[in-house]
Amino acid sequence: MGIDVTKSYLPPLEEYVGYLAGIWERAYLTNSGPLVLELERSLKEYLGVKNLLFVNNGTIALQIALKALDLKGEILTTPFSYVATTSSIMWEGSVPVFVDIDPKTLCIDASLLEAAITPKTVAIMATHVYGNPCDVEAIEALAKRHNLRVIYDAAHAFGVTYKDNSVLNHGDISTLSFHATKLFHTVEGGAIITNDDELAHRISYMRNFGHNGPEAFWGVGINGKSSEFHAAMGLCVLPKVDELILRRRELSERYDAHLVSTGVRRPRIQEHTTRYNYSYYPTVMPSEEVLLAVRDALNAADIIPRRYFYPSLNTLEYTGHQPAPVSEEISTRVLCLPLYYELTDEEVDTICAILKSALQA
Ligand SMILES: *Cc1c(COP(=O)(O)O)cnc(C)c1O
């Protein structure tokens, strides 16, 4: 049987069925039901954040964030992320302006931000790539100086702390994805986090068509709600998250030990990261040629790593052909190796043996 880059964690079936029994009894399936409210409470407590709104995916979370801050103009963003970071900016009618990345952390290079600011710049949207925090202090100092809003695409950063505080407490808004492939998941889902109570209030209306009671409307909104079924999955997975992170850490350290003496590099974790979540196992290969050889050798053994992120988003046809040489170059060399709870030590050993022989070929 093959080994994919990831495999969703599924709780014991009885646990999920236990929640289903309650749903059947209440016959209340969605619209801020008791399980959704319970999940929101539990997530706030686990993550250490003030306001958290559960939504139906991580992309709508980004879109609602842009809408709630009423952003229209140029948004400084990273070319090295999943496509949703860029597409949500464009979908909401703003213009992504790409700022290149730091070749060590793979996050946006904060020292390049200032030069990209124009009179049309309204915000910065940066990604904590693979859960590795951006240089949040530099980004926020600059934003303050230039009166810019900050949104973090924290889709990978579940449970990550920076200086012993949730990294989600940075910026005006942070967003999470709870997609099935993420560390913590609700099959599909996401969340919007903010410390600003008034903003949270606005988002709570926007998430539910703008409804203010059954017959009144607070303003324009969209359907960003999630369901009791999705919340139930979250309530089953959340108590296991610490164990999931711990196992991923062991597997990551096993990979590290194998790869330390090869030409394969690893992103550098941001200084002051007090808890990392091991959400992916990205490697930076010496060249694209080597990456392709490694990928082909693994594929031949039915092992499927992923070029994540590739291609660099500034090279997409619709994003305006802006330069970002570091991101373009690195994206040709990054390969994420399989990492998930059920992966075994022996499988890591096999993957590394194949990888090493491909490096020597
Ligand atoms: C997964 C992901 C998203 C999108 O989240 P969905 O829940 O799939 O909509 C956005 N940004 C990044 C960086 C992601 O990894």
Side-chain angles (χ1 to χ4, degrees), residues 4-9 39 43 52-67 75-92 96 98-99 101 105-108 123-134 136 150-160 167-168 170-171 173-193 207 222-227 229-231 233-234 237 248 267 270 276-282 306-314 316 319 327 330-331 334 336 339-340:
D4 211 346
V5 67
T6 192
K7 182 176 179 186
S8 298
Y9 171 76
L39 181 65
L43 285 171
L52 178 146
L53 296 107
F54 181 37
V55 294
N56 46 26
N57 61 67
T59 306
I60 200 84
L62 288 168
Q63 290 176 220
I64 294 176
L66 290 159
K67 207 68 145 191
I75 299 183
L76 308 184
T77 190
T78 176
F80 192 71
S81 184
Y82 184 59
V83 70
T85 316
T86 294
S87 61
S88 62
I89 292 172
M90 298 184 76
W91 195 269
E92 292 302 329
F98 294 108
V99 172
I101 58 168
T105 65
L106 309 187
C107 291
I108 202 164
I124 299 166
M125 189 193 272
T127 302
H128 301 306
V129 177
Y130 311 122
N132 193 13
C134 296
V136 288
V150 178
I151 298 173
Y152 288 112
D153 180 341
H156 298 176
F158 191 93
V160 171
V167 76
L168 305 170
H170 286 274
I173 296 180
S174 291
T175 64
L176 288 167
S177 165
F178 303 152
H179 183 258
T181 56
K182 304 298 204 270
L183 169 66
F184 166 80
H185 79 93
T186 60
V187 187
E188 290 274 1
I192 305 172
I193 291 101
R207 175 179 62 168
I222 196 165
N223 184 356
K225 291 178 281 95
S226 191
S227 80
F229 293 77
H230 293 88
M233 181 62 82
V237 177
R248 283 163 175 272
Q270 185 71 247
Y276 181 58
N277 65 3
Y278 303 87
S279 50
Y280 298 87
Y281 193 85
R306 182 160 176 215
R307 299 187 76 177
Y308 188 72
F309 308 106
Y310 178 83
S312 185
L313 297 170
N314 62 306
L316 297 183
T319 59
S327 174
I330 294 249
S331 67
V334 170
C336 286
L339 184 67
Y340 50 87

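All ligand and atom numbering here is 1-based and tracks the order in the structure.
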With the criterion set at N/O pairs under 3.5 Å, what does the list of contacts between the protein and ligand 1 look like, atom names and distances included?
residue	atom	partner	partner atom	Å
ligand 1	5 (O)	S177	OG	3.2
ligand 1	7 (O)	G58	N	2.7
ligand 1	7 (O)	S177	OG	2.7
ligand 1	9 (O)	G58	N	3.3
ligand 1	9 (O)	T59	N	3.0
ligand 1	9 (O)	T59	OG1	2.6
ligand 1	11 (N)	D153	OD1	3.4
ligand 1	11 (N)	D153	OD2	2.7
ligand 1	15 (O)	H156	NE2	2.7
ligand 1	15 (O)	K182	NZ	3.2
ligand 1	15 (O)	Y308	OH	3.0

Would you please name every residue forming a salt bridge (charged side-chain N to carboxylate O under 4.0 Å, His left out) with K182, sequence neighbours left out?
-> none

Any chance you could measure L76, atom CG, to I108, atom CD1, to the nearest 0.5 Å?
-> 6.5 Å

Could I get the full list of side chain to side chain donor-acceptor pair (under 3.5 Å) partners for N277, not counting sequence neighbours?
-> S279

What do you reckon, are the aromatic ring centroids of Y340 and H185 less than 6.0 Å apart?
-> no

When you check the side-chain N and O atoms of S312 and S331, is any donor under 3.5 Å from an acceptor?
-> no

Partners of R306 by salt bridge (charged side-chain N to carboxylate O under 4.0 Å, His left out), sequence neighbours excluded?
-> none

